[in-house]
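For reference, the structure discussed in these notes is given below.
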Amino acid sequence: MLKILNIIGARPQIIKAAAISRAIKNHFSDKIEDVIVHTGQHYDENMSEVFFTEMGIPKPKYNLNVGSASHGVQTAEMIKGIESIIFSEKPNVVLVYGDTNSTLAAAVAAAKLHIPVAHVEAGLRSFNKSMPEEINRITCDHASTLLFSPTETGISNLEREGFKINAKMPYNIDNPGVFHCGDVMYDNSLYFSAISATKSNVIEKYKLEKNNFVLATIHRDNNTDNPVRLKQIFEAIIKINKDYSIPFFIPLHPRTSNILKKNIGDDLYNLITINKNIIIAPPVSFFDMIQLESNAKLVFTDSGGVQKEAYFFKKPCIILRSETEWVEIVKNGNAIICDADFNKIMEAWKLFYSKPDLEYLQIFGDGKAAEFICNKLVETFI
Ligand code: UD1
Ligand code: UDP
């Protein structure tokens, strides 16, 4: 039996872990023991618990309850907690997702104890080291023994950093295995798409009209913490809402709601809050999110995951960042990088509003990335 320590902490990791836990339950229950560790990086009910209930993720065996803190304090608490669990559980491999502080902490704790790390979402790069996530993902990739990249671009990025793409077994930290496997988030979107349509009433609850609203999410620190950027994003939202009479639905990350009024100023804040067609809501569940994404006219986001899900559901996307790791969707014309620039957002909106012919190629795998990953874990470590 292969024992994996499955490390989650932030919302998108809980969602990604659902695909792995499902694959283990359905196909690998006699081969893999899944020990889930929640760092507690995200802790509000609608940022954590809701996903376990809705997506059928097994309850974590451990919750470190680290909560929110500065990068150093948060990451240090996680390393301390994960190290102690590694001592007691003696896992064969530590599985990590994405690029958050929980990912970094687990990779550092495991690699220093000579426990192999398997990284889901390896190879993604923004080439912007002012992003905490870029530091986390580079460090994690270079401490990993198995690297699972969702895209071809991820594989090229790793090759450029010196990884051997065709390394042979036995894999270890000095001879890591690199695999192109598709995206576990695509697995989830396919799997939960039909179920969410029967379980979610978010469209009715907020009286949204199908194909006639914009879904927006904003949580990236360089947007939330920079008043000039945050203001431009909301000024563009107000302008489009007014000129095109199209409602916006904005399920807001707590980081953003905590700072919105202060950073956009009272005037803009009041304009938004009195406008019934700009709906600011608390974070929604994954089923609600699928319904929102699949029924929106267009998506505005600075989220990595939401950019991809917009693509999965064939919706054009305005990316509120200066670059993206998901370069394929931009190259294909399905998404436009607008930064937090009012004029760029308006130009991209006009282009997408004119209904260009967009093709959504199948570039995120076949919906079986999680099975591929479990297979490789078994092949490598049993
Ligand atoms: C983290 C990740 C980011 C990821 C995002 C997903 C890092 C460095 N960043 O950013 O890559 O895109 O998660 O959502 O790991 N808060 C709450 N309740 C919660 C969680 C957070 O109120 O349940 C508030 C706190 O005020 C906290 C702030 O949000 O200080 C930021 O949370 P944190 O986990 O530090 O970073 P995120 O911005 O969520
Ligand atoms: N998501 C959700 N509810 C929300 C906003 C996002 O379920 O209110 C989901 C979304 O569908 C995607 C994931 O959270 O699967 C993306 O996480 P987030 O935007 O927090 O982080 P990122 O992907 O940028 O790291």
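If you read the sequence from its start, that first residue is 1, and numbering goes on from there. Atoms within each ligand, like the ligands themselves, are counted from 1 in listed order.
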- Query: Hey, does Ala10 sit under 4.0 Å from ligand 2 if you only count heavy atoms?
  - Reply: no

Check: Quick one: are the ring centres of Phe364 and Tyr311 less than 6.0 Å apart?
Finding: yes

- Would you check the N or O atoms of His253, main chain and side chain alike, for any that come under 3.5 Å of an N or O of ligand 2? no

Among non-hydrogen protein atoms, atom 15 (O) of ligand 2 lies closest to Glu309 OE2, 2.6 Å

Is it the case that the ring center of Phe248 lies less than 6.0 angstrom away from the ring center of Phe300? yes

Atom 4 (C) of ligand 2 sits nearest the protein heavy atom Arg11 NH1, 3.2 Å

Atom 27 (C) of ligand 1: closest protein heavy atom, distance to 0.1 Å, is Ser68 OG, 3.2 Å

Nitrogen or oxygen atoms of Asp99 and ligand 2 under 3.5 Å apart: no

Residues Phe286 and Phe51: closest non-hydrogen pair is N-CE2, 3.6 Å

Minimal heavy-atom distance between Tyr206 and Ala281, with the atoms involved, is OH-CB, 3.8 Å

Less than 6.0 Å separating the ring centroids of His38 and Tyr43? no

Below 3.5 Å, N or O to N or O, backbone or side chain included: is there any such pair between Arg11 and ligand 1? no

For Asn101, the ligand 1 atoms with a heavy-atom partner under 4.0 Å come out as 7 (C), 8 (C), 15 (O)

Ser285 heavy atoms within 4.0 Å reach ligand 2 at atoms 7 (O)

The protein heavy atom nearest to atom 23 (O) of ligand 2 is Gly305 N, 2.8 Å

The protein heavy atom nearest to atom 17 (O) of ligand 2 is Pro12 CB, 3.6 Å

Donor-acceptor check, side chain of Arg220 to backbone of Asp302, threshold 3.5 angstrom: yes or no?
yes

Heavy-atom proximity to atom 2 (C) of ligand 1, picking from Asn46, Thr100, Thr39, Thr256, points to Thr100

Heavy-atom proximity to atom 24 (O) of ligand 2, picking from Arg220, Met55, His42, points to Arg220

Between Leu230 and Asn223, the two heavy atoms sitting closest are CB-O, 3.4 Å

message: For Met185, state whether at least one heavy atom is located under 4.0 Å from any atom of ligand 2.
response: yes

Ligand 1 to Pro254, heavy atom cutoff 4.0 Å, flagged ligand atoms 16 (N), 17 (C), 18 (N), 22 (O)

for atom 9 (C) of ligand 2, nearest protein heavy atom and its distance come out as Ile15 CD1, 3.6 Å

With side chains defined as the heavy atoms from C-beta onward, is the minimum distance between Ser303 and His219 less than 4.5 Å?
yes

Can you confirm whether Asp267 is buried at CG, in the sense that more than 12 heavy atoms of other residues, nucleotides or ligands lie under 6.0 Å from that atom? no

Ranked by distance from atom 6 (C) of ligand 1, the top protein heavy atom is Pro12 CD, 3.5 Å

**Asked** Would you find more than 12 non-hydrogen atoms of other residues, nucleotides or ligands less than 6.0 Å from Asp30 atom CG?
**Response** yes

Atom 7 (O) of ligand 2: closest protein heavy atom, distance to 0.1 Å, is Phe51 CE2, 3.3 Å

In this structure, atom 2 (C) of ligand 2 is nearest to the protein heavy atom Val284 O, 3.5 Å

protein heavy-atom neighbour closest to atom 3 (C) of ligand 1 works out as Glu133 OE2, 3.2 Å

Polar proximity ligand 1 side, Tyr43 side, N/O cut 3.5 Å exclusive:
yes

Review point. Does Arg229 reach the main-chain N or O of Asn222 with its side chain, forming a donor-acceptor pair under 3.5 Å?
Key: yes

Aromatic ring centroids of Tyr97 and Phe148 under 6.0 Å? no

One finds that the ligand 1 atoms under 4.0 Å from a non-hydrogen atom of Met47 are 23 (O)

of all protein heavy atoms, closest to atom 18 (N) of ligand 1 is Asp44 OD2, 2.9 Å

Taken in chain and number order and not counting sequence neighbours, the residues that satisfy salt bridge (Lys or Arg N to Asp or Glu O under 4.0 Å) with Glu89 are Lys3, Lys61

Fill in: Single-linkage hydrophobic cluster, 4.5 Å side-chain cutoff, Phe287 and Phe213 together
no

for atom 33 (P) of ligand 1, nearest protein heavy atom and its distance come out as Gln41 NE2, 4.0 Å

Numbered in order shown, the ligand 1 atoms found under 4.0 Å of a heavy atom of Arg255 are 28 (C), 29 (O), 31 (C), 36 (O), 37 (P), 38 (O)

Smallest heavy-atom separation, Leu252 atom then Leu260 atom, equals CD2-CD2, 3.9 Å

for atom 35 (O) of ligand 1, nearest protein heavy atom and its distance come out as Gln74 NE2, 3.8 Å

Side chain to side chain contact (heavy atoms under 4.5 Å, CB included) test vs Ile4 passes for just one of Ile24, Asn92, Ile36, namely Ile24

Quiz item: Do the ring centers of His119 and His142 come within less than 6.0 Å of each other?
Solution: no

So the atoms of ligand 1 within less than 4.0 Å of a heavy atom of His71 turn out to be 8 (C)

**Asked** Hey, does His219 come in under 3.5 Å of ligand 1, counting only N/O atoms on both sides?
**Response** yes

From the list Glu161, Glu133, Glu325, salt bridge (Lys or Arg N to Asp or Glu O under 4.0 Å) with Arg125 holds only for Glu161

Output yes when the distance from some N or O of ligand 1 to some N or O of Asn258 is under 3.5 Å, and no in every other case. yes

Within 4.0 Å of some non-hydrogen atom of Pro283, the atoms of ligand 2 are 8 (O)

Looking only at protein heavy atoms, what sits closest to atom 19 (O) of ligand 2 is Ser303 OG, 2.7 Å

re atom 20 (C) of ligand 1, the protein heavy-atom contact at minimum distance is His42 CD2, 3.3 Å

